Amino acid sequence: MESTAPSAPSLSHGSDTLTQEATVRSLMSRDLAGDPARELSMITIEYPPGSVDPVHTHHAQALVYVLEGTIVMQVRGGTPVTLVPGQTFYEGPDDVHVIGRNASQTAPAKFLVFLVKEKDAPILVPAP
């Protein structure tokens with residue numbers, strides 16, 4: 001199962017610069033054994049140069065593994081971390097993801113995300 005969210009220009013966190021949004025591809029989803037109300041989902045996210053995510057939550061446990069490039073991640077109350085290929089990041093179901101961006105203005109970045117979430121719930125929910 002593969003789906004691609006379209007890339008579209010957007011304003012980057014109040015700046016005057018136009019950036020491309022991330023491309024999300026669903027690789028697979030499976031029911032969580034022993035818990036029919038939850039599922040496992042695996043996605044890849046590609047950040048074009050300068051891409052910035054909106055503040056959001058996943059209402060899921062999320063494991064991130066960087067494949068290419070350099071990304072910056074932070075959850076509310078945490079410290080920002082800069083990650084390179086082979087490094088990982090964790091988000092809990094109550095975390096609010098306040099920083100998610102490509103660290104580079106010239107090179108793309110790509111990472112794999114493994115989620116444990118409520119069945120059929122959206123992968124990303126905007127948060128204040």
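Atoms considered below: every heavy atom in the structure, side chains included; atoms not considered: hydrogens, waters and symmetry mates. Treat the numbers as computed from the prediction; the structure is a model and nothing was measured. Throughout, residue positions are numbered sequentially from 1 according to the sequence presented.
- Between L40 atom CG and R30 atom CZ the span is 9.5 Å, to the nearest 0.5 Å.
- Neither V64 nor V125 shares a network with the other; the hydrophobic side chains, linked directly or stepwise wherever heavy atoms of I, L, V, M, F, W or Y lie under 4.5 Å apart, form separate groups for each.
- Residue G69 comes nearest to P85 through the heavy atom pair O-CD, 3.1 Å, listed as atom of the first residue, atom of the second, then distance.
- Here the CZ atom belonging to R76 is positioned 12.0 Å from the CG atom belonging to D94, to the nearest 0.5 angstrom.
- Checking L63, V66, I71, V75 one by one against F89, the side-chain contact (heavy atoms from CB on, under 4.5 Å) holds for a single residue, V75.
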Open item on the list: Checking K119 against R38 for the side chain to side chain contact (heavy atoms under 4.5 Å, CB included) test, could you report, in this order, the C-alpha distance in whole Å, the side-chain angles of both residues, the deciding distance, and whether it holds?
Closed with: CA-CA 5 Å; K119 194 171 187 173; R38 295 170 46 120; 5.9 Å; no

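- The two atoms that bring P49 and Q105 nearest to each other are CB-O, 3.2 Å, heavy atoms only.
- Here the closest non-hydrogen pair linking V55 and P128 is CG1-O, 3.8 Å.
- With values rounded to the nearest 0.5 angstrom, K110 atom NZ is found 14.0 Å from N102 atom CG.
- No donor-acceptor distance shorter than 3.5 angstrom exists from the side chain of T82 to the backbone of V72, with no hydrogens or angles considered.
- Linking ILVMFWY residues whenever their side-chain heavy atoms come closer than 4.5 Å, directly or via other members, places L27 and L67 in the same cluster.
- Residues forming a salt bridge (charged side-chain N to carboxylate O under 4.0 Å, His left out) with E39 (at least two apart in sequence, or on another chain): K117.
- Looking at residues two or more places apart in sequence or on another chain, you find a side-chain hydrogen bond (donor to acceptor under 3.5 Å, both in side chains) between Y90 and Q61.
- Distance check, rounded to the nearest 0.5 Å: CG of L124 to NE2 of H58 gives 5.5 Å.
- Of all heavy-atom pairs spanning P93 and T57, the tightest one is O-OG1, 4.1 Å.
- Shortest non-hydrogen contact noted between S29 and S41 is OG-OG, 3.1 Å.
- With values rounded to the nearest 0.5 angstrom, L115 atom CG is found 6.0 Å from I123 atom CD1.
- One finds the CZ atom of F111 at 12.0 Å from the CD atom of E68 (value rounded to the nearest 0.5 Å).
- Under the 4.5 Å side-chain heavy-atom criterion for Ile, Leu, Val, Met, Phe, Trp and Tyr, V113 and V81 are members of the same hydrophobic cluster.
- Y47 and G100 make their closest contact through OH-C, 3.3 Å (heavy atoms, listed as atom of the first residue, atom of the second, distance).
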